[in-house]
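Below: one structure, written as C-alpha cells.
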Amino acid sequence: MKLLNFKLLIFIGFSITFLYFLEFYFIDNEENYFWCVQILENFQIKDFKNIKLPIHCDEGPYREFTNLISAEHFFDRENPYQQRPLYMLLIAVMRLILSEINFFTFSDYQIFRISIFVLQFIILFSIIKISIRLLNLDLKNYKNYLLIFSIIAIPSVRWNMFFPSVGNLTLLLLLISLFVLSNKKFVKSRIFITIGLLSLAHSSAIIYGLIVLLILFLRKEIKANSLIKNFIFLI
C-alpha cells in the first residue's frame with residue numbers, strides 16, 4: 001500500500017508538471033486562461049528565473065488573512081473568507097510550518113505560494129484516492145493511470161493547483177458523499193460529524209451531508225431516529 005501511494009504521488013507530481021509546461025510554455029494561449037487570472041512572467045525562486053506563475057485576483061485577501069500575526073488579525077471581520085475558517089487555518093498553519101523550516105530563505109510571498117501548492121496537492125491526492133475507490137481502479141493496470149491523468153487534466157482541477165481556491169475542495173466533498181452512499185459500512189454517525197466539521201472549510205459540506213442523509217432515508221438504510229440524530233451531528 002505504501003509503495004502504491006508513493007507511485008501515485010510520483011505520478012500526480014509528474015502529471016501536474018507536464019500539464020504546467022504544456023499550458024504555459026507550449027500552448028501559452030491567453031484565451032484559455034481563467035477569468036480573473038493574470039500570468040506573472042518573471043517570477044523567481046532561488047536561481048530559477050522568469051518562471052510563469054498564474055495569479056488569481058482573490059490571492060491578496062488569502063495572503064493577508066492567513067498570516068498568523070495574531071488571532072485578532074486572523075478573525076478580522078474584514079476577512080472576506082471568514083466563513084471558511086478551517087481552510088484558512090490550514091493555509092496559515094502550512095505557512096507557519098514552512099516559515100519555521102525555511103532553510104532556503106524563501107521570501108514570505110514564495111512561502112505563501114508554496115503553502116498553497118502543498119495544500120492543493122494534498123487535496124488532489126485525496127481526490128484521486130477516493131476516485132480510485134469509487135471507480136475500483138487497479139493501479140497495477142497502467143491503462144488506469146490514463147484515467148487518473150484525465151481527472152488531473154480537468155481544467156478547473158489543474159488550474160486550482162496554483163490558486164488559494166476551494167474548487168478542488170468542493171470536488172473532494174462531492175466524492176466523499178458519493179463514497180459514503182456507495183459503502184454502507186461508512187454510514188455511521190462519525191461520518192456526519194466529520195462532514196459537519198468540514199463545513200468549516202467550505203459550507204457546501206452541509207448541503208452534501210443533507211443530500212446524503214435524505215438519500216439514505218429514502219433508501220430506507222436509516223430510520224427516522226437516526227435521521228434526526230445524524231442531522232444534529234451534521235449541523
Side-chain angles (χ1 to χ4, degrees), residues 13 16-17 19-20 23-24 30 32-127 154-174 194-208:
I16 294 170
T17 303
L19 290 167
Y20 166 76
E23 186 98 60
F24 298 110
E30 291 187 7
N32 291 336
Y33 294 164
F34 273 22
W35 175 80
C36 202
V37 171
Q38 292 182 334
I39 305 298
L40 182 65
E41 299 279 348
N42 58 348
F43 182 69
Q44 178 177 351
I45 184 165
K46 302 305 292 179
D47 295 330
F48 298 96
K49 301 179 181 179
N50 298 323
I51 300 172
K52 292 186 177 182
L53 187 70
I55 300 176
H56 200 273
C57 59
D58 65 354
E59 179 180 291
Y62 274 105
R63 185 185 177 192
E64 178 181 358
F65 293 103
T66 58
N67 191 0
L68 287 180
I69 300 174
S70 67
E72 181 180 358
H73 181 78
F74 183 77
F75 291 107
D76 194 322
R77 290 186 177 182
E78 294 183 3
N79 181 356
Y81 303 113
Q82 199 178 57
Q83 72 274 22
R84 52 187 76 154
L86 179 59
Y87 182 71
M88 300 287 287
L89 183 62
L90 289 173
I91 299 175
V93 170
M94 191 68 68
R95 288 182 68 178
L96 190 62
I97 292 173
L98 291 177
S99 296
E100 291 298 322
I101 58 173
N102 188 11
F103 301 119
F104 300 102
T105 61
F106 292 128
S107 68
D108 177 69
Y109 180 70
Q110 290 170 344
I111 289 174
F112 169 71
R113 290 305 299 250
I114 294 171
S115 301
I116 293 298
F117 184 81
V118 171
L119 181 59
Q120 293 286 11
F121 192 96
I122 293 171
I123 294 172
L124 179 59
F125 180 77
S126 302
I127 287 171
I154 295 172
S156 60
V157 173
R158 68 175 188 262
W159 275 88
N160 283 329
M161 290 300 303
F162 303 100
F163 304 145
S165 168
V166 292
N168 285 353
L169 182 60
T170 55
L171 174 58
L172 177 61
L173 292 170
L174 172 61
T194 302
I195 293 174
L197 290 173
L198 287 174
S199 70
L200 296 175
H202 196 275
S203 56
S204 65
I206 291 290
I207 306 300
Y208 288 128

Does any part of the side chain of [Y], heavy atoms only, come nearer than 4.5 Å to the side chain of [X], both counted from C-beta?
| X | Y | answer |
| --- | --- | --- |
| Asp58 | Phe163 | no |
| Trp159 | His56 | no |
| Arg63 | Tyr109 | yes |
| Asp108 | Arg95 | yes |
| Phe43 | Ile55 | no |
| Glu59 | Arg113 | yes |
| Ile16 | Leu124 | yes |

Where is the tightest heavy-atom contact between [X] and [Y], given as atom of each residue plus distance?
| X | Y | answer |
| --- | --- | --- |
| Ala201 | Val166 | O-CG1, 4.4 Å |
| Val37 | Pro54 | CG1-CB, 4.2 Å |
| Asn168 | Ser156 | OD1-O, 3.8 Å |
| Gly167 | Asn160 | CA-ND2, 3.6 Å |
| Ile195 | Ala205 | CG2-O, 3.1 Å |

Measuring from [X]:[atom1] to [Y]:[atom2], what's the distance to the nearest 0.5 Å?
| X | Y | atom1 | atom2 | result |
| --- | --- | --- | --- | --- |
| Leu19 | Ile154 | CG | CD1 | 11.0 Å |
| Leu169 | Ile122 | CG | CD1 | 12.0 Å |
| Lys52 | Asn42 | NZ | CG | 11.5 Å |
| Leu198 | Leu172 | CG | CG | 7.5 Å |
| Met88 | Tyr62 | CE | OH | 6.5 Å |
| Leu96 | Ile111 | CG | CD1 | 10.0 Å |

Ignoring hydrogens and geometry, is there a side-chain-to-backbone donor-acceptor pair from Tyr87 to Ser165 under 3.5 Å? yes

Would you call the rings of Phe162 and Phe24 parallel, tilted or perpendicular, where under 30° means parallel and over 60° means perpendicular?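 Phe162 vs Phe24 ring planes: perpendicular.
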
